Participant: 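Pasting a structure here, questions to come.
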Amino acid sequence: MSRFFRRDESSDSESDYSSSSSEDFSEEETQKKKQTPSAPSANRFARAGLDSDDEEEVKRTVKSTKDKLADQVSDLSRDTLRAIRADEWHSAASSFDQLNKVVPKLIKTVTMANLPRSYVRALVALEGALYDNQKDKAALSKLSATDSRGYNQLKQRVRKHNKDFESLIADFKANPTESNDEEEEVRDESEASDDNQAVPSSGRTAAAAVPAASKKKAAAARDSDSEDSYWDSDSDESSSSSDSEDDGQVGISRWLKKTTTKEDTSSKKAKKDRAQRSQRAAAAQAAAAAEEDEDDDGFTAVGKDGKAVEAPKYNERNLNEHLLALIASRGRKNTNKLESIKSLETLLGVSANALQTAKVLMTLISAQFDSAPSSGYLATDMWHKAQNRLNELLSLLEKNRQITILETGDSHDYEEDFEYKDATITLRGSIIASIDRLDDEFAKSLQNIDPHTPEYVERMRDTVPLYLTIVRSQGYFERINLKDSLCRVILRRLEHLYYRTDQVNLHVEAAAAVLPFFKESSVVPASTAGNMEAIVHSLCTFLYINADTLLRSRAMLMHVFNHALHKRYYIARDLLLMSHIQENIHQADVNTQVLYNRAISQLGLAAFRLGKIQESFEHIVELMSTGHQRELLAQGVGQQRMHQLSPNEEQLQRQRQLPFHVSINLELLECVFLTSSMLLEIPYMASANTNPDARRAPISRAFRRMLDYTERQIFMGPPENTRDHIMAASKALAA
């Protein structure tokens, strides 16, 4: 029989089957029906439907290469944005690499301005996440090894990559949402992560329970409807036939299973998501508007245990109570440091008198310093806030001289502080500790900032305000005659003066001369104004008389450095020899040894400026012969030594490292050493040829090794650096 007849018979049998009742089928017929294979018949139906070309046409969309590349760029950009929101930096780096391969191909077909905006948004998001809101070391440590590696790779590459798209990025930042599609994409990106975070746990449980109940009801409804579905087949068939006729499908193709394409599914899903997003956005706007109209609107803040939490009410009467609670919470594991700072600022606003203000300011300054990360440095904005609060405290102590702050004072935790009436009182605290911490955090920030960037220059502008704060604290310690703290703060002042020339220091001192108590200082008399040599001498002399051994030694070395910097070589040399500090410098701490090496280096440079070649060589030969000048001068670690140090030793080396603007030019130091060695070694070598009785030991072994290496070279090109020039000059001088 022909297959066309078989097809008609099968369709007739199917219609007969749909119109018959379930009672016509016995168990034997059911077993036979299960045993007969159904796949060939289904294949015949499918084959028949596909063979009829005039029954159904398959719609195909043909995309150009440009459209394919644009879609690929958009998809990769969305993947990058999702990875950034989820902190999956390995995936973000992978998507970024794929984008860098596809975008150049797309640029060949379209102009730069016609790139997908999703790509520009991905670049802006990467730049913001990596540089504007960069992670601290604590957050980086929580990332996995692959994500941390991807984060570092992106941080090194994105800024350089974005230079080619600066105009597009600037336009996007100026107008991030231009069209409706862009607004929907922005809402999609911002709300995708909020769906799981905005709903509390109880809400999620309730939301999960509703679909479960609805699924049970739907299953019960399907079970009940399945019994009636057989009897309602005629109406279903009529409706389905009408639908199929509407779709233009005739013949056997209307009985085939309808296949939905991915585009239809994605378009339906996109419409549904768009409607849900618009509803959520409208609800969020309504909630924000309601919150602006009524702050609480009947809602109560709830703590961890589910009990209502009332906002604390601060006033001058309960200030001590809240202040003691905040002091007791310092250092605890779950304490929110920023919230503590906000609470202290609120307490500062309600303080009733100078006593309460001083107590709150001391606690606030300490809390601001506590916000610094353990392995980094205090943020610049927080550093400025701490400095302003410290200046406020010093101004308060200058106006209210009956209040003093000493480490041996009383805490004065009395509730009657709001009734204070200008009585003489001594509070427990330490101004010098705050000064030391402020200066140390400033030095840490300079150590961690790249010195070749504008950020370093911007940070250097805080040097003068910091110096003025140190001078103000010196005036306070002079007034209360606190010698120990006065010596420490004078040494801090010297550390900001000794390495700079007099021309720079005179401008700094002119800014400090405006302070009201500056002329009353007994340490630096008013007669020394305008004479930096006299000012530095007065500060060092005070430390020679009143300070302990360590501070005296450091003041001596700074004094020697300053004299040598200003070509006062003989004064610096005599001061160093009379101090006998070179005899026991090996027993001093590391920072003092570094300061000694700096003073000796500057002394050698001062002798070379005056033409004292022999003295210059003798000063710096020991330092330059070691080959570890960077470590000895605390100006970094050599590349060879970097691999030999353990992580702890490397961290200590970096902590000792001096800021870039304080360092000595190592190339200049090497040039002075090699030039002095050449002028001493070459005449000695020439005299050794005529006088056989002369000793053959070289004056400078390091210079002799360099010279021997140069002479062994078969071909020597023109000199390229300072060392090559000196070696060429040595050969010419020897000839």
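These figures come from a predicted structure and were not determined experimentally. When a residue number appears, it is its place in the shown sequence, counting from 1.
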Participant: Which atom names give the shortest non-hydrogen contact between L319 and V360, and what distance separates them?
Facilitator: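 Smallest heavy-atom distance, with atoms named: CD2-CG2, 3.9 Å.
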
Participant: Classify the side-chain pair N320/K359 by whether it contains a donor and acceptor separated by less than 3.5 Å.
Facilitator: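 Looking only at side-chain atoms, K359 and N320 do form a donor-acceptor pair, the distance falling under 3.5 Å.
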
Participant: Between OG of S553 and CD of Q593, what distance do you get to the nearest 0.5 Å?
Facilitator: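 Going from OG on S553 over to CD on Q593, the span is 11.5 Å.
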
Participant: Mind checking the CG-CG spacing from L390 to L438? Nearest 0.5 Å is all I need.
Facilitator: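 The CG atom of L390 sits 6.5 Å away from the CG atom of L438.
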
Participant: Between T675 (side chain) and V672 (backbone), is there a donor-acceptor pair under 3.5 Å?
Facilitator: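 No, the answer is negative, given that no donor and acceptor are paired below the 3.5 Å cut-off.
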
Participant: Taking the side chain as every heavy atom from C-beta outward, state whether V350 and H322 have any pair of such atoms under 4.5 Å apart.
Facilitator: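 They are not in side-chain contact.
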
Participant: When you look at NE2 of H537, are more than 12 heavy atoms from neighbouring residues, nucleotides or ligands closer to it than 6.0 Å?
Facilitator: no

Participant: Start with the C-alpha gap between L364 and I341, add the side-chain angles, then the distance that decides, and say whether side-chain contact (heavy atoms from CB on, under 4.5 Å) holds.
Facilitator: CA-CA 6 Å; L364 178 57; I341 292 174; 3.9 Å; yes

Participant: Regarding T592 and D589, is there a side-chain donor-to-acceptor distance under 3.5 Å anywhere?
Facilitator: yes

Participant: Tell me, do Q474 and L486 make a side-chain contact under 4.5 Å, heavy atoms counted?
Facilitator: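 Side chain of Q474 against side chain of L486, heavy atoms only: contact under 4.5 Å found.
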
Participant: If we count only N and O atoms by modelled type, under 3.5 Å, do the side chains of E407 and S430 hold a donor and an acceptor together?
Facilitator: yes

Participant: I'd like to know if the side chain of E681 reaches the main chain of R704, judged simply by a donor and an acceptor atom lying under 3.5 Å from each other, with no hydrogens or angles considered.
Facilitator: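 Judged by distance alone, no pair lies under 3.5 Å.
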
Participant: Distance alone, cut at 3.5 Å: any donor-acceptor contact between the side chains of H384 and D462?
Facilitator: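 Judged by distance alone, the side chains do pair up.
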
Participant: Return the CG to CG distance between L543 and L551, rounded to the nearest 0.5 Å.
Facilitator: 6.5 Å

Participant: Using only atom types and a distance under 3.5 Å, with no angle test, would you say the side chain of T626 pairs donor to acceptor with the backbone of L623?
Facilitator: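 It does hold such a pair.
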
Participant: Give the C-alpha distance, both sets of side-chain angles, the deciding distance and a yes or no for side-chain contact (heavy atoms from CB on, under 4.5 Å) between C487 and F477.
Facilitator: CA-CA 9 Å; C487 292; F477 292 131; over 6 Å; no

Participant: Got a sec: does the CD of E622 have more than 12 other heavy atoms crowding it under 6.0 Å?
Facilitator: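 At most 12 heavy atoms, drawn from other residues, nucleotides or ligands, come within 6.0 Å of this atom.
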
Participant: Which atom names give the shortest non-hydrogen contact between A534 and T528, and what distance separates them?
Facilitator: CB-CG2, 3.9 Å

Participant: Under 6.0 Å between ring centres: does that hold for H563 and Y569?
Facilitator: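 Judged by ring-centre distance (under 6.0 Å), H563 and Y569 do not meet the cut-off.
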
Participant: When you compare the side chain of H566 with that of E533, does any pair of heavy atoms fall below 4.5 Å?
Facilitator: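 Heavy-atom side-chain distance check fails, nothing below 4.5 Å.
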
Participant: Answer yes or no: is there a donor N or O on one side and an acceptor on the other, between the side chain of K337 and the main chain of D370, under 3.5 Å?
Facilitator: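 Yes, because the side chain of K337 sits within donor-acceptor range (under 3.5 Å) of the backbone of D370.
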
Participant: Closest approach of L466 and Q387, non-hydrogen atoms and distance?
Facilitator: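 Minimum heavy-atom separation between L466 and Q387: N-NE2, 3.4 Å.
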
Participant: Give a yes or no on whether the backbone of G604 and the side-chain of S616 come within a donor-acceptor separation of less than 3.5 Å.
Facilitator: yes

Participant: Applying side-chain contact (heavy atoms from CB on, under 4.5 Å), run through Q368 and L378 and close with a yes or a no.
Facilitator: CA-CA 9 Å; Q368 287 171 336; L378 189 64; 5.8 Å; no

Participant: Is there a donor-acceptor pair closer than 3.5 Å between any side-chain N or O of E509 and the backbone N or O of M532?
Facilitator: no

Participant: Find out whether N597 and Q629 are in side-chain contact, i.e. whether some heavy atom of one side chain is under 4.5 Å from a heavy atom of the other.
Facilitator: no

Participant: Between V662 and R598, is any pair of side-chain heavy atoms under 4.5 Å apart?
Facilitator: yes

Participant: Can you establish whether the number of heavy atoms outside Q402 located under 6.0 Å from its atom CD is more than 12?
Facilitator: yes

Participant: Considering non-hydrogen atoms only, spot the tightest contact between L397 and R479 and give its length.
Facilitator: O-NH2, 3.2 Å

Participant: About how many Å separate OG of S676 and CZ of F703, when rounded to the nearest 0.5 Å?
Facilitator: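 Going from the CZ atom of F703 to the OG atom of S676 covers 10.5 Å.
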
Participant: Between R656 and E631, does any side-chain N to carboxylate O distance fall below 4.0 Å?
Facilitator: no

Participant: Should the pair R472-E398 be classified as a salt bridge under the 4.0 Å nitrogen-to-oxygen rule?
Facilitator: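 Between E398 and R472 there is a salt bridge, with a charged N closer than 4.0 Å to a carboxylate O.
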
Participant: Compare every heavy atom of L446 with every heavy atom of Y456, then report the nearest pair and how far apart it is.
Facilitator: CE1-O, 3.5 Å

Participant: So does T453 get a backbone contact from the side chain of D450, meaning a donor-acceptor N/O pair under 3.5 Å?
Facilitator: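 Not at all, since once roles are kept as given, no pair shorter than 3.5 Å links the two residues.
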
Participant: Less than 4.0 angstrom from a charged side-chain N to a carboxylate O is my criterion; do E615 and R573 meet it?
Facilitator: no

Participant: Looking at E392 and K385, is any side-chain nitrogen of the basic one under 4.0 Å from a carboxylate oxygen of the acidic one?
Facilitator: no

Participant: Can H496 and D439 be said to form a side chain to side chain donor-acceptor pair (under 3.5 Å), step by step?
Facilitator: CA-CA 10 Å; H496 285 266; D439 197 15; 3.2 Å; yes

Participant: Just by modelled atom types, is the G636 backbone N or O under 3.5 Å from a matching donor or acceptor in the R630 side chain?
Facilitator: no

Participant: Do the ring centers of H619 and F608 come within less than 6.0 Å of each other?
Facilitator: no

Participant: Tell me if the CZ atom of R500 is crowded by more than 12 foreign heavy atoms within 6.0 Å.
Facilitator: yes

Participant: Can you tell me how far the CG atom of L575 sits from the CZ atom of R568, to the nearest 0.5 Å?
Facilitator: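 Answer for the CG-CZ pair, L575 versus R568, is 11.0 Å.
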
Participant: Do R492 and S473 pair up side chain to side chain, a donor and an acceptor below 3.5 Å, judged on atom types alone?
Facilitator: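 Absent: no donor and acceptor within the cut-off.
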
Participant: Is any side-chain heavy atom of S366 closer than 4.5 Å to a side-chain heavy atom of R330?
Facilitator: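 The answer is yes; the side chains approach within 4.5 Å.
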
Participant: Do we see a donor-acceptor contact under 3.5 Å between the side chains of T426 and D410?
Facilitator: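 No, D410 and T426 have no side-chain donor paired with an acceptor closer than 3.5 Å.
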
Participant: Determine the interplanar angle of the Y498 and F561 rings, folded into 0 to 90°, and report it as parallel if under 30°, tilted if 30 to 60°, perpendicular if over 60°.
Facilitator: perpendicular

Participant: For the pair E441 and R437, find out whether any cationic side-chain nitrogen is under 4.0 Å from an anionic carboxylate oxygen.
Facilitator: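 Salt bridge: yes.
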
Participant: Quick one, S663 and L658 - any side-chain contact, counting heavy atoms below 4.5 Å?
Facilitator: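 They are not in contact (no side-chain heavy atoms under 4.5 Å apart), so the answer is no.
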
Participant: Donor-acceptor pair, S677 side chain versus F673 backbone, under 3.5 Å?
Facilitator: yes

Participant: I'd like to check Y544 versus M556 (side-chain heavy atoms, cut-off strictly below 4.5 Å). Are they in contact?
Facilitator: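 Side chain of Y544 against side chain of M556, heavy atoms only: contact under 4.5 Å found.
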
Participant: Do S521 and E478 have side-chain N/O donor and acceptor atoms under 3.5 Å apart?
Facilitator: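 A pair is found: one side chain offers a donor N or O, the other an acceptor, under 3.5 Å apart.
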
Participant: Determine, step by step, whether L632 and V594 satisfy the side-chain contact (heavy atoms from CB on, under 4.5 Å) criterion, reporting the C-alpha distance in whole Å, the side-chain angles of both residues, the deciding distance to 0.1 Å, and the verdict.
Facilitator: CA-CA 6 Å; L632 294 175; V594 169; over 6 Å; no

Participant: Please round to the nearest 0.5 Å and tell me the distance separating atom CD1 of I435 and atom CZ of R493.
Facilitator: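 It is 12.5 Å, given to the nearest 0.5 Å.
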
Participant: Verify the neighbour count for atom CD of Q587: are there more than 12 heavy atoms of other residues, nucleotides or ligands below 6.0 Å?
Facilitator: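 Result for CD/Q587: open.
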
Participant: Return yes if some donor-acceptor pair links the side-chain N/O of H725 with the main-chain N/O of E720 below 3.5 Å, else return no.
Facilitator: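 No: the side chain of H725 does not pair with the backbone of E720.
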
Participant: Taking all heavy atoms of L633 and all of S601, pick out the closest pair and write down the distance.
Facilitator: CD2-OG, 3.7 Å

